[in-house]
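To start, the structure itself, in structure tokens.
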Amino acid sequence: MNVPMRLLPLLLNLGLAFVAAALPAAKADDRPNILFIFTDDHAPHAIGAYDGWLKSVNPTPEIDKLAADGMLFVNSFCTNSICGPSRAVIQTGKHSHKNGFMNNGNSFDWNQQTFPKILQKAGYQTAIYGKSHLKGNPQGFDDWKVLPGQGLYYNPDFQTPEGKVTIQGYCTDIVTDLAVEWLSEKRDKEKPFMLMVQHKAPHRNWMPALRHLSLYDDIDIPEPPTLFDHYEDNAPPARFQEMEIDRHMDLNYDLFVDLTADYSQPASQKRQDKSAWANMKRMTAEQMEAWRAYYGPRDKEFHDANLYGEDLVRWKFQRYAKNYLRCIKGVDESVARLRKTLDDLGLADNTVVIYSADQGFYVGDHGWFDKRWMYEESLKMPFICSWPGVTKPGSKNHDLIQNLDYAETFLDMAGASIPDDMQGKSLVPLLKGEQKEKFRDAIYYHYYEYPSVHMVARHNGVRTDDFKLIHFYQFGDEWEFYDLRTDPDELTNQYNNPYYADEVAMMKKKLKELEDYYDDHSDDDMAEMPKDWQQEVRKPEPKPGA
Ligand code: SGN
Ligand code: CA
């Protein structure tokens, strides 16, 4: 056949289209797999690659390798710094007031649209193992085993499609085992997958694996610069919280100090003096023996030292930070095992691996533990993504991203369309390095859980690259404004400083715009809030010296 040269490209294209159409459906499943590794309360500054003040401890060599292979998001924020709500935002791509899970007391409506359900429809296999914290049986997953509520560190129960099971061992290791088993044996190998591996660690009450108990014994963890913050410049809510290492961290409940101080009996025969040690009660005699063998002599030293004041805070900080970092070590090992499994199964080249956590955490910053506030340490969440062949190895992105964007991102990665009612934006253009305009000029935040454990007042606000505005609307009209360029630790509230009048006005305008954009008017009228929110408003303590 004599074909004119100018028609050749057209015919070739048609031919290729024909060949593509004739390929089996499996060809469409070159779409990437997604492995989402998600932890509970892992602050970015407790990840080496994030360059925070804990970096010198080298807490996360394996997560750092993931960052070296992929892209690390420096400005990654949550929308509502608490566990269940953060997870509900991820499932739905919608702010808390839209998905209905505004505080941990709520129950997630699993009948609503979620990204795993959409991925399933698009031909993905999905599974979730570990902490869900959304109550009820997960929907949108081909396989699941989730911890009821907060879950336990030792010998935990799991909620499964077949009912409750108890698995012996350390929670982080068990969850990794379940994921490895699913990847190697249980999944349908014809389909791409989306696997959520959600660890309990390093959540309170920070119980490490036995093999990590003596890790960091020979060093002092550096103290955060704000360990002795007295909140002089904050609006009143910061002064009446209940999350201080000094006043609220319990020696026995949080730090496992044996208050019976009777070292004559074998550990396994000793009565534990706080029943709140739910985790302890689940330990086997051998596990308990190993646990007390480690802590016993150290507790004795502590009793003998008779510390008080700042020395006692410093001691509590060391035990707390070490246990927190030991739990993180378990997570870091899990990341290594999961990645090795992908390698061994020949899946690494086509699997996007993400490391993230539900929100940040105070590791003694501002004298605190826990999260909830819009201050940097708990507003930030880690987001590291390695997408082989797509993300530039070792790259750092500075755009303002949120957990609100994850659902859209996963759908985009899978080539599925993003529903119009999702409120975030796909990060795929950022991952590909193709974003031309500014991704977002401000993020919106709203925290609701008050009164509740740790007593953090409701607030909302906005953060741009340079500034942060926080509105504590529950106590009348309290505001904070920070210049993050000159005051990254947020120690000087500039709200009433005339020098910043224009910036404060600009940020207030932005807050209003974002409330409208996300259709959040849940702060407008306290009377319209659901009944369980209508609690008596506590009187703020006066500012010191006022
Ligand atoms: C538990 C913790 C609190 C923590 C909340 C919420 N106490 O109540 O310290 O703030 O969970 O955490 S604990 O003694 O039970 O650990 S969240 O991560 O689930 O939101
Ligand atoms: Ca959490």
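Numbering starts at 1 and runs along the sequence shown. Whatever order the structure lists them in is the order used to number ligands and atoms, beginning at 1.
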* **Contacts of type side chain to side chain donor-acceptor pair (under 3.5 Å), residue Arg372, not counting sequence neighbours** => Asp370, Tyr447, Glu449
* Asked: In terms of the angle between their ring planes, are Trp110 and Phe141 parallel, tilted or perpendicular, with boundaries placed at 30° and 60°?
  -> perpendicular
* Assign the ring pair Trp53 / His45 to parallel, tilted or perpendicular, where the plane angle (0 to 90°) is split at 30° and 60°. => tilted
* **Ring-face cation contact, Tyr153 with Lys200, 6.0 Å cut, 45° max** => yes
* Asked: Are Arg292 and Tyr294 in a cation-pi contact, defined as NZ or CZ under 6.0 Å from the six-membered ring centre and within 45° of the axis?
  -> no
* Are side-chain heavy atoms of Ser522 and Met102 found at a separation under 4.5 Å? -> yes
List, pair by pair, the atoms of ligand 1 and of the protein that are both N or O and lie under 3.5 Å apart, giving the separation rounded to 0.1 Å.
from, atom 1, to, atom 2, distance (Å)
ligand 1, 7 (N), Arg204, NH1, 3.4
ligand 1, 9 (O), Arg204, NH1, 2.9
ligand 1, 9 (O), Asp370, OD1, 3.4
ligand 1, 9 (O), His454, NE2, 2.7
ligand 1, 10 (O), Asp370, OD1, 2.6
ligand 1, 10 (O), Asp370, OD2, 3.3
ligand 1, 10 (O), Arg372, NH2, 2.7
ligand 1, 10 (O), His454, NE2, 3.4
ligand 1, 11 (O), Gln150, NE2, 2.9
ligand 1, 12 (O), His203, NE2, 3.1
ligand 1, 12 (O), Lys371, NZ, 2.9
ligand 1, 14 (O), Tyr253, OH, 2.4
ligand 1, 16 (O), Arg204, O, 3.3
ligand 1, 18 (O), Asp40, OD1, 3.4
ligand 1, 18 (O), His203, NE2, 3.1
ligand 1, 18 (O), Lys371, NZ, 2.8
ligand 1, 19 (O), His133, ND1, 3.4
ligand 1, 19 (O), Gln150, OE1, 3.4
ligand 1, 19 (O), Gln150, NE2, 2.8
ligand 1, 20 (O), Cys83, N, 3.0
ligand 1, 20 (O), Asn104, ND2, 2.8

* **the Ca ion (ligand 2): protein N, O or S atoms [distance under 3.0 Å]** => Asp40 OD1, Asp41 OD1, Asp358 OD1, Asp358 OD2, Gln359 OE1
* Are the charged groups of Asp520 and Lys98 less than 4.0 angstrom apart, N to O? -> no
* Tyr450, Trp368, Phe361, Tyr231 screened by ring pair (Phe, Tyr, Trp, His ring centres under 6.0 Å) with Trp373, the one that passes -> Trp368
* Asked: What residues form a salt bridge (Lys or Arg N to Asp or Glu O under 4.0 Å) with Glu408, not counting sequence neighbours?
  -> none
